[in-house]
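In what follows, every heavy atom counts, from backbone to side chain, and hydrogens, waters and symmetry copies are set aside. Note that the coordinates shown come from a computational prediction; the quantities given were computed from them, not determined experimentally.
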Amino acid sequence: IISGFIAYAVERWTKPICLIALALTVLSLLTFPKFSRNIIETDLSRLRSKESMEKGAGYYDRYVREIFQHYLTPIVILAHSRDEAVKISVLLKAKKEKEGKDSPIASVQVFDDFVPKQQEKKIHILRDLKRTLTPQIVSSLEEEEKSWVTDFLGDRVLKPITDKDIPPLVVSKFVEKDGSLGKMVYVEPPLSGANAVAWNGRALIDFVDGLRQVSDSVAPGLAVAGQIPISADLVKSISNDGPRATVFAFVAVILLVIVQFRHGTTIARTLFALLLGVVWLFGIILGFDLKINFLNFIALPITFGSG
């Protein structure tokens with residue numbers, strides 16, 4: 001019934017339909033100068049479910065972050081050894097220091113941050129202090145001062161702190177499945193502020209690329225894992241490979257039409273109708289400032305095939 005009505009309408013109102021189609025085509029073509037890479041959605045907050053952000057997982061995720069002031073899923077750089085992890089952390093901390101308050105790096109952590117540095121030298125100084133504080137001097141001190149001497153110069157303090165002395169809660173954060181310890185570097189961006197990158201696709205790409213440059217300078221090809229790198233790679237992939245995939249799909253449809261129909265007039269009419277639909281589709285996207293993201297991009301090649 002629907003197909004019959006469309007056929008009747010086309011025969012009955014051919015001229016008005018052609019004029020409307022021409023007007024839509026001209027209006028669509030006028031929007032094409034607006035085409036640029038900005039058509040790709042880079043505000044990742046617009047991809048979250050509204051219900052999730054108001055009372056679901058997104059809301060509670062943000063609530064917990066505000067309580068602990070930390071990302072629950074930080075970026076992890078997987079080094080080959082503990083020494084590599086320390087080198088990467090030193091470079092990242094220097095990068096953070098150089099960038100100052102505008103740095104997208106909020107914190108960098110490795111296991112060795114929890115093991116005191118230059119312990120032997122410090123213990124030697126403490127022993128000198130303990131020898132200087134004779135029993136007569138200690139006995140003349142106030143009770144509070146005596147407790148300080150006990151706390152800071154006791155036998156327990158004068159022993160080096162090893163990996164085994166670090167609390168299990170901290171150790172478990174840096175232990176891998178094979179039992180190796182200290183090969184992971186944790187990096188967190190700011191939770192909020194002008195340099196927060198969590199929802200800014202362009203800033204995410206720059207941030208993750210910067211981390212990879214630093215890690216590659218120590219050991220090329222190290223994995224940079226986490227939710228943020230995956231999001232950055234998705235945005236980057238759509239920006240770089242999306243246009244290629246669209247062109248490939250369009251060319252594939254053209255070749256399919258040629259092979260399938262093998263008749264010049266039929267091929268021309270079919271491709272003209274397809275091209276018209278594509279022009280209108282992009283006219284709607286550009287005219288209404290719609291954005292393409294990694295969730296809806298698949299609609300473009302599917303539209304070509306359906307058309």
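Distance CG/Asp241 to OG1/Thr246: 10.5 Å, rounded to 0.5 Å. Note: Ile230 CD1 to Ile75 CD1 = 11.0 Å, rounded to the nearest 0.5 Å. The CG atom of Leu181 sits 4.5 Å away from atom CZ of Phe111, with the distance rounded to the nearest 0.5 Å. Here OG of Ser89 is found 12.0 Å from CD of Glu84. Values are rounded to the nearest 0.5 Å. Expressed to the nearest 0.5 Å, how far CG of Leu256 lies from CZ of Phe261 amounts to 8.0 Å. To the nearest 0.5 Å, atom CG of residue Leu281 and atom OG of residue Ser28 are 9.0 Å apart.
Heavy atoms of other residues, nucleotides or ligands lying less than 6.0 angstrom from NE2 of His124 number 12 at most. Around atom NZ of Lys87, no more than 12 heavy atoms belonging to other residues, nucleotides or ligands sit under 6.0 Å away. Crowding of Lys121 atom NZ: a count of heavy atoms from other residues, nucleotides or ligands under 6.0 Å not exceeding 12.
Summarising the geometry of Pro229 relative to Val208, their closest heavy-atom pair is CA-CG2, 3.9 Å, with the distance given to 0.1 Å. Across Ser103 and Glu99, no two heavy atoms sit closer than the pair OG-OE1, 2.8 Å. Between Gly287 and Lys34, the shortest heavy-atom contact is O-NZ, 4.2 Å. Minimum interatomic distance between Ser215 and Val224 (heavy atoms only, all atoms of both residues): OG-CG2, 4.1 Å. The heavy-atom pair separating Ala79 from Ala85 by the smallest distance is CB-N, 3.7 Å. Annotation for Thr31 and Gly283: closest pair OG1-CA, 3.6 Å, computed over non-hydrogen atoms.
For the 3.5 Å distance criterion, the side chains of Ser81 and Asp83 fail to qualify, holding no donor opposite an acceptor.
Note on Leu91 and Phe207: same hydrophobic cluster, where clusters join Ile, Leu, Val, Met, Phe, Trp and Tyr whose side-chain heavy atoms are under 4.5 Å apart, directly or indirectly. Residues Val86 and Val175 do not share a hydrophobic cluster, defined by chaining ILVMFWY side chains whose heavy atoms lie under 4.5 Å apart.
At least one side-chain heavy atom of Leu274 sits under 4.5 Å from a side-chain heavy atom of Val278. Residues Phe32 and Leu286 are in side-chain contact: their nearest non-hydrogen atoms beyond the backbone lie under 4.5 Å apart. At least one side-chain heavy atom of Ile88 sits under 4.5 Å from a side-chain heavy atom of Leu222. Between Met184 and Leu78, some side-chain heavy-atom pair lies under the 4.5 Å cut-off. Residues Ile77 and Leu92 are in side-chain contact: their nearest non-hydrogen atoms beyond the backbone lie under 4.5 Å apart. Inter-residue side-chain proximity for Thr25 and Leu276 is flagged as met; some heavy-atom pair is nearer than 4.5 Å. At a threshold of 4.5 Å between non-hydrogen side-chain atoms, the residues Asp113 and Phe174 do not count as touching. The shortest distance between side-chain heavy atoms of Ile161 and Ile166 falls below 4.5 Å.
Listed by chain and residue number, His263 satisfy the side chain to side chain donor-acceptor pair (under 3.5 Å) test with Thr266 (two or more places apart in sequence, or in another chain). With sequence neighbours excluded, no residue forms a salt bridge (Lys or Arg N to Asp or Glu O under 4.0 Å) with Lys173. Residues satisfying the side chain to side chain contact (heavy atoms under 4.5 Å, CB included) test with Pro74, not counting sequence neighbours, are Tyr186, Glu188. Residues meeting the side chain to side chain donor-acceptor pair (under 3.5 Å) test with Asp216, sequence neighbours left out: none.
Of the possible polar contacts, none joining the Ser237 side chain to the Leu234 backbone as a donor-acceptor pair under 3.5 Å is found. The backbone N or O of Val259 sits less than 3.5 Å from a side-chain atom of Arg262, completing a donor-acceptor pair. When atom types are taken as modelled, the side chain of Lys122 and the backbone of Lys117 share a donor-acceptor pair closer than 3.5 angstrom.
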- [ ] Show your reasoning for whether side chain to side chain contact (heavy atoms under 4.5 Å, CB included) applies to Asp209 and Lys236.
- [x] CA-CA 11 Å; Asp209 285 348; Lys236 193 173 183 179; 3.4 Å; yes
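Screening residues 221-251 for ring pair (Phe, Tyr, Trp, His ring centres under 6.0 Å) gives Phe250-Phe304 as the qualifying pairs, with residues at least two apart or on separate chains.
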In residues 13-23, what donor-acceptor pairs under 3.5 Å come from side-chain atoms, sequence neighbours left out?
from: Thr14; atom 1: OG1; to: Val10; atom 2: O; distance (Å): 2.4
from: Thr14; atom 1: OG1; to: Glu11; atom 2: O; distance (Å): 3.4

